[in-house]
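Keep in mind that this is a model prediction, so the values were computed, not measured. Just so we're on the same page: letters track the sequence lines, and every chain starts at 1.
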Amino acid sequence: MEKVTLRDKAAIVGIGETEYSKNSGMSHRALLLQAAARAIEDAGLSPKDIDGVVPAMNLISFEDLAVNLGTEDLKYAVFPNMGGASSVATLSSAAMAVACGIATNVLCVAGWNGYSALRLSTLGKAADAAAGSPIPMSSMISKLRDFEMPYGVFVPAQWYAPMAMRHMHEYGTTSRQMGAVAVACRKHAQLNDKAIMRGKPMAIEDHQNSRMIVTPFRLFDCSLETDGAAAAVVTSADRAADMRHRPVYIMGVAEGHPVPADQIAGRRDMFQIGLSFAAPRAFAMAGITPKDIDVAEIYDCFTWSVICQLEAIGFCKRGEGGPFVEGGRIELGGELPINTHGGLLSQAHILGMNHVVEAVRQLRGDAGEAQVKDVEISLVTGWGDLADGSIAILRR
Amino acid sequence: MADYNKPLPRITAQTREFWEGCKRHELLIQRCSDCGTYRHYPRPMCPNCGSWNAEWAKVSGKGKVYTYMVAVQPFHPGFASDAPYAVAIVELAEGVRLMSNVVDCGPEDILIGMPVEVVFDDVTEEVTLPRFRKAT
Ligand SMILES: [Zn+2]
């Protein structure tokens, strides 16, 4: 029997983004719908053509999406629930649906009023508001609540800081190396029209002088909080060939979950993150190796998370992520340019759907001043909910 | 104690014995009755063998700092006057890990690998939190 594979069976044919700001002035539903409408238009489709919806997490309901798009026969609706890993995970779900004929045109969308309404840095106050009952954001948070919040652990920076401290202890990773990630993203943000940090260049000394939030994370190790949304439209490879833009084919996709997934403390190997499981599967599906990647959009909730993921993907060995990011290797013009839009650190925090959009732009040749030359294959990752991982390998 | 303004754990059917042990100043960790594997946080099933049978084993309370972080910026009003404060992941001698604070020791004096032992902090009438201090 022929081996079943998802490789090259689906393609991203439309992308869309809202304005990225600190005050959208729109409801989060309107924000997600605006990104959706723009992605659908970019694909040359009409909203009624969408017959599958995959929002990242339950940020918007299927009903809200369907009724606003005018969908008359919604054939597929599901959401991945992996925090920041959800955006990239929407692609695998959409690809499966169109490849199997479950749906024809699937909308993937993520976004929030991440500054004006739901700031992750205010989770501590949310814990109070929800005292005595599970916090609505996710079931994982409610577990954190009973065994970690009483000790003063509230926000993602505090969830991941102990991992980074252990990495520094075991491998000698330094704050300056984490700073190299922040500097690369900020440098790339200077070339991006939508970047919140455009016009605010940063040197490594600025990173080193920024205030400590939680050891080892300084302010500039932490991602932005942003209002905005982004979306992509996925269809089958057959249909994609006749559509408005050059298709971006999904070569390989996978998700992965660390063990145990609901807490970091109990993991025997703290650096065996979701992506450690997912990346080999995605590369096997794509039939390539990390050496073949021309540009990578790595989920950068924190600078150190990028270092950890570069190791998990296999761009370098375990423990070598710190030296790897130094010397401009991850900057435009370097061996492996990453986060060419500025990332969550310096463009905007759109839950990583902005990374998907940028990975597509690079393959279309539409990345403007940040265009990497001769891009054939791009990679995009997601990280969330205590280091669940997702990955997509895309080609033109 | 009435003005204790930090989040308290919810005592649930799953976690009651852990917190009741703490009130008696005993550190109880769930252990599979069939294969002997310790697990924390409390859960219904043994991840090693799938058994639903578990007992609450009194553990030594001695361990080492596996890793830690120092919270400099407080993100909760209840911790505003504590900052900077340390939160450690402690690996108990029994092999299981839990998150807690390291007390009686400045954040700058905490080291990965440092031996620690449990102390019990009766923060309210209902709740006692296990914390850790440097072991001699
Ligand atoms: Zn067992």
Side-chain angles (χ1 to χ4, degrees), chain A residues 119-135 141-170 211-219 222 259-268 270-271 304, chain B residues 4-12 14-15 18-19 38-43 47 65-80 82-91 95-103 107-108 110-113 121 123-124 127-132:
Chain A
R119 293 186 70 181
L120 284 180
S121 62
T122 61
L123 279 183
K125 286 178 195 124
D128 276 349
S133 69
I135 294 162
I141 304 270
S142 84
K143 286 182 183 171
L144 289 172
R145 190 186 181 286
D146 291 336
F147 288 96
E148 305 192 0
M149 283 186 189
Y151 297 108
V153 178
F154 295 99
V155 296
Q158 296 171 330
W159 305 347
Y160 301 124
M163 293 174 75
M165 291 288 278
R166 182 77 198 182
H167 200 266
M168 295 169 88
H169 173 78
E170 280 193 40
R211 73 173 193 274
M212 190 65 83
I213 304 296
V214 48
T215 60
F217 297 148
R218 299 175 179 281
L219 179 66
C222 303
V259 180
D262 66 348
Q263 59 158 314
I264 289 167
R267 292 176 193 162
R268 299 325 299 174
M270 205 161 265
F271 310 121
W304 176 80
Chain B
Y4 189 78
N5 62 349
K6 297 180 169 84
L8 289 166
R10 296 163 301 172
I11 315 293
T12 66
Q14 190 68 64
T15 64
F18 177 84
W19 296 114
Y38 284 97
R39 60 182 190 258
H40 188 73
Y41 312 126
R43 3 177 151 256
V65 172
Y66 183 78
T67 186
Y68 71 102
M69 55 95 161
V70 178
V72 178
Q73 178 177 326
F75 286 91
H76 187 283
F79 286 84
D82 294 6
Y85 61 93
V87 179
I89 292 173
V90 172
E91 184 166 289
V96 73
R97 296 200 201 120
L98 66 170
M99 192 170 271
S100 185
N101 300 120
V102 177
V103 294
E108 65 283 0
I110 297 173
L111 292 170
I112 289 176
D121 188 352
V123 297
T124 67
V127 176
T128 297
L129 294 178
R131 302 193 204 271
F132 287 81

Per-residue contact mode, B/Arg39 against chain A (heavy atom under 4.5 angstrom): neither
Heavy-atom proximity to chain B below 4.5 Å, by part of A/Arg211: side chain
Set of side chain to side chain contact (heavy atoms under 4.5 Å, CB included) partners for B/Thr67, sequence neighbours left out: A/Pro162, A/Met165, A/Arg166, A/Met270, B/Ile89, B/Ile112
Distance flag, aromatic centroids of A/Phe147 and B/Phe18, threshold under 6.0 Å: yes
Residue A/Pro260 versus chain B: region with a heavy atom under 4.5 Å: side chain
Any donor-acceptor N or O pair under 3.5 Å, side chains A/Glu148, B/Tyr41: yes
Parallel, tilted or perpendicular: rings of A/Phe154 and B/Phe79 (30°, 60°): perpendicular
Rounded distance (nearest 0.5 Å) linking atom CD of B/Gln73 with atom CG of A/Leu219: 8.0 Å
Proximity breakdown for B/Val87 and chain A, heavy-atom pairs closer than 4.5 Å: side chain
Contact class of B/Tyr85 relative to chain A, heavy atoms under 4.5 angstrom: side chain
